[in-house]
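Data first, discussion second: the structure below is written as structure tokens.
Here is the naming used below: chain letters follow the sequence lines, and residue numbers restart at 1 for every chain.
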Amino acid sequence: MEFVQQLLEWYGKNARELPWRSDTSAYKTWISEIMLQQTQVEMVIPYFNRWMDQFPDIYALASADEQAVLSAWEGLGYYSRARNLHRAAQYVVQTFGGQLPRSSELLKSLPGIGDYTAGAIASIAFGEDVPAVDGNVRRVLARYFDVSLPARSHAGAQELWRLAEAHLPPGRAGDYNQALMELGALICRPKNPLCSTCPIAEGCRAYLFDLQALRPVTTRGKKTPHLTVTAAVIRRGDQVLLAQRPPDALLGSLWEFPGGTLEESDADLSACLQREIQEELGVAINVGQAFGRYRHAYSHFKITLHAFLCSLSPGVEPQPLEGQNLAWVKIETLPDYPMGKVDRQIARRLIGEDDNEALPG
DNA sequence: TACCCGTGGTA
DNA sequence: TTACCAAGGGT
């Protein structure tokens, strides 16, 4: 059976013990697969364990507040995954009586489940004979079969799915898919693959031709822009002002210290902050002393954020001009509001934790 | 289709 | 420092 028998044998001996592998229930498999999207195993493990304590089944998830779901997700990134998970749970409870659909095709109808995740859940939890091609599988197959089409192109993806399906051992799709992924993660790594210990190196064309570094074929990404942004820590007594971000934006539905991007027309950082607050909240703020400089890389751009302690003149009340939720929050309750990394650093500094997180200057 | 969407690790 | 990568999906 070509390389598949060797692959399955290797997987049987070398599979890592992971929290979601001891019980391949549909719910646990689903949660783990969503968390694992674009996220490494070591990062997911503690989140998965906490999640199962907090939302042990689909009913607990469906009935939870979105804010609690986002807080459980805080730090994992790609927050639409959490919002989609929450929506999908409610949909499954309402439409399917709490039972996740058992077929790959139906699973794809749920928000947040695409081709890969549908194949993974259907094969691992329900035993359906369907492939699941993720970044690991793309790399393993592109090397083993020396696929020269760009892996992320339409034609390349089609070819890789075809290869995955063509070699799928009936009745063992779950192990087969996971074995390919495990091999990609542990042996057939993007850089410095461990070909000397690879169980299928013998038949690997990339190994034969020494093309490992050129497979899979990738295309150049564009350069990431670097923006300068400002944020206002507007204090009033023991409270501070938070704004909730739009649901479909970057860091959607998370809370932040209001502010925005420095523009050419801004004379300086203070002018930028005053303009942004005027636009978003309809008020003039008094910009006080600097409260830290933070660098951060998002998925497709980088920022340097300058935070400032600010105040409002007596009687001035901020307005949600862009339809956003606003909240005056006591400092000690800041941990209750889900935030992205930079805003969380600011919040922690306000509380008095991690006094040295901000960069000098 | 290309672009948007987080964060942490690595070379 | 920068670029790339990680169990991708939505639009």
Side-chain angles (χ1 to χ4, degrees), chain A residues 15-16 18-21 28-48 70 73-85 87-88 107-121 123-124 131-140 150-157 160-161 164 174 176-186 188-193 213 216 218-226 245-254 256 294-304 338-345:
Chain A
R16 290 169 289 183
L18 300 173
W20 46 89
R21 282 188 174 156
K28 287 189 175 180
T29 304
W30 176 36
I31 300 300
S32 68
E33 288 300 337
I34 300 297
M35 286 186 170
L36 285 162
Q37 289 171 3
Q38 297 290 284
T39 310
Q40 296 187 357
V41 166
E42 292 307 314
M43 178 102 176
V44 166
I45 291 174
Y47 281 87
F48 179 84
L70 287 170
W73 202 271
E74 184 179 310
L76 263 185
Y78 287 136
Y79 296 91
S80 65
R81 293 185 293 174
R83 296 193 304 275
N84 284 335
L85 212 37
R87 277 201 301 145
L107 283 165
K108 288 181 199 173
S109 69
L110 302 180
I113 298 184
D115 291 339
Y116 160 75
T117 306
I121 298 172
S123 63
I124 296 170
V133 177
D134 74 327
N136 289 307
V137 179
R138 273 199 297 276
R139 188 168 57 255
V140 170
R152 301 306 298 264
S153 69
H154 181 72
L160 290 164
W161 275 87
Y176 168 74
N177 290 331
Q178 292 186 86
L180 284 170
M181 290 189 271
E182 198 82 341
L183 189 74
L186 300 181
C188 196
R189 307 181 302 193
K191 294 174 181 173
N192 307 317
T218 60
T219 53
R220 264 285 181 285
K222 63 173 189 179
K223 278 210 291 195
T224 62
H226 192 149
R245 298 179 55 79
D248 292 324
L250 179 79
L251 304 174
S253 297
L254 302 188
E256 68 175 358
Y294 305 83
R295 290 186 183 175
H296 187 65
Y298 291 103
S299 46
H300 59 292
F301 66 96
K302 298 177 180 180
I303 65 166
T304 298
M339 297 177 181
K341 188 191 168 187
V342 173
D343 290 278
R344 180 59 67 205
Q345 284 182 271

Rounded to whole Å, the CG-C1' distance (Asn136(A) to dC5(C)) equals 11 Å
With Val137(A) as partner, the option from Leu183(A), Leu180(A), Leu160(A) fulfilling side chain to side chain contact (heavy atoms under 4.5 Å, CB included) is Leu180(A)
Here the distance between atom P of dG6(B) and atom CG of Asp248(A), to the nearest Å, is 11 Å
- Message: Roughly how many Å apart are dC4(B) and dA3(C), using the P atom of each and rounding to a whole number?
- Response: 16 Å
Taken to the nearest whole Å, CD1/Ile34(A) to P/dG9(C) is 7 Å
Given the options Leu250(A), Leu254(A), Asn84(A), Tyr79(A) meets side chain to side chain contact (heavy atoms under 4.5 Å, CB included) only with Leu254(A)
Result for 5'-nearest mapping on DNA chain B, choosing between Lys191(A) and His154(A), is His154(A)
Base, sugar-phosphate, or nothing for Ser32(A), non-hydrogen atoms under 4.0 angstrom?
-> nothing
Whichever of Met339(A) and Lys222(A) has the more 5' nearest nucleotide on DNA chain B, that residue is Lys222(A)
- P spacing across the pair dG8(B) / dG9(C), given as an integer number of angstrom: 22 Å
Note to self: Below the 4.0 Å mark, does dA3(C) have OP1 or OP2 next to a side-chain nitrogen or oxygen of Lys302(A)?
What the structure shows: no
Respond yes when some side-chain nitrogen or oxygen of Thr39(A) is under 4.0 Å from OP1 or OP2 of dG8(C), and no when none is.
no
Quiz item: Which part of the nucleic acid, if any, lies within contact of Ala132(A), taking any heavy atom under 4.0 Å across all strands shown: a base, the sugar-phosphate backbone alone, or nothing?
Solution: nothing
### Message
What's Gly114(A) touching, base or sugar-phosphate or nothing? Going by heavy atoms closer than 4.0 Å.
### Response
sugar-phosphate
task: Using a heavy-atom cut-off of under 4.0 Å over every strand shown, decide if Leu18(A) touches base, sugar-phosphate, or nothing.
output: base
**Distance, P atom - from dC3(B) to dA7(C), rounded to whole angstrom** = 24 Å
Between Gly112(A) and Leu36(A), whichever has its closest DNA chain C nucleotide further toward 5' is Leu36(A)
